[in-house]
Amino acid sequence: MPESQPAAPWPHAAVSTEDTAVDSLLEGLGPVASLPVSAHAAVYAELHDALLGELNKQPAASSPAPGNHRAG
């Protein structure tokens, strides 16, 4: 039987994605470490669906920066 590998430490500090909506959704992973493993799949599935919804949104149209438009 192979020897057990030590568990990797749970990341306590989230890395910013620089997308506030995505970062907000990822905060939902915080309690996963305290949940039984049998509950992880449901949390990950919910997060996956929420991330897909957020990432598939059309970005808001931004106006061109002042001075960056050309006269026709």
Side-chain angles (χ1 to χ4, degrees):
M1 209 182 273
E3 290 183 40
S4 297
Q5 296 292 322
W10 187 258
H12 295 285
V15 176
S16 174
T17 65
E18 297 184 16
D19 184 316
T20 56
V22 171
D23 288 344
S24 176
L25 290 169
L26 292 176
E27 287 176 7
L29 288 174
V32 170
S34 63
L35 295 173
V37 173
S38 61
H40 290 194
V43 172
Y44 294 144
E46 186 176 323
L47 175 63
H48 174 265
D49 293 345
L51 286 170
L52 272 178
E54 188 59 41
L55 294 172
N56 284 324
K57 285 183 181 177
Q58 292 295 321
S62 60
S63 57
N68 287 344
H69 57 84
R70 295 181 186 155

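Predicted model only: the values in this text are computed from it and were never measured. Values below: every heavy atom of this structure, side chains too, minus hydrogens, waters and symmetry copies.
Listed for the Asp23 side chain is a donor-acceptor partner under 3.5 Å among the backbone atoms of Thr17.
Of all heavy-atom pairs spanning Gly28 and Val32, the tightest one is O-CG2, 4.3 Å.
Atom-to-atom distance recorded for Asp49:CG and Leu25:CG is 11.0 Å, nearest 0.5 angstrom.
Enclosure of atom CD in Glu54 by more than 12 non-hydrogen atoms of other residues, nucleotides or ligands within 6.0 angstrom is indicated.
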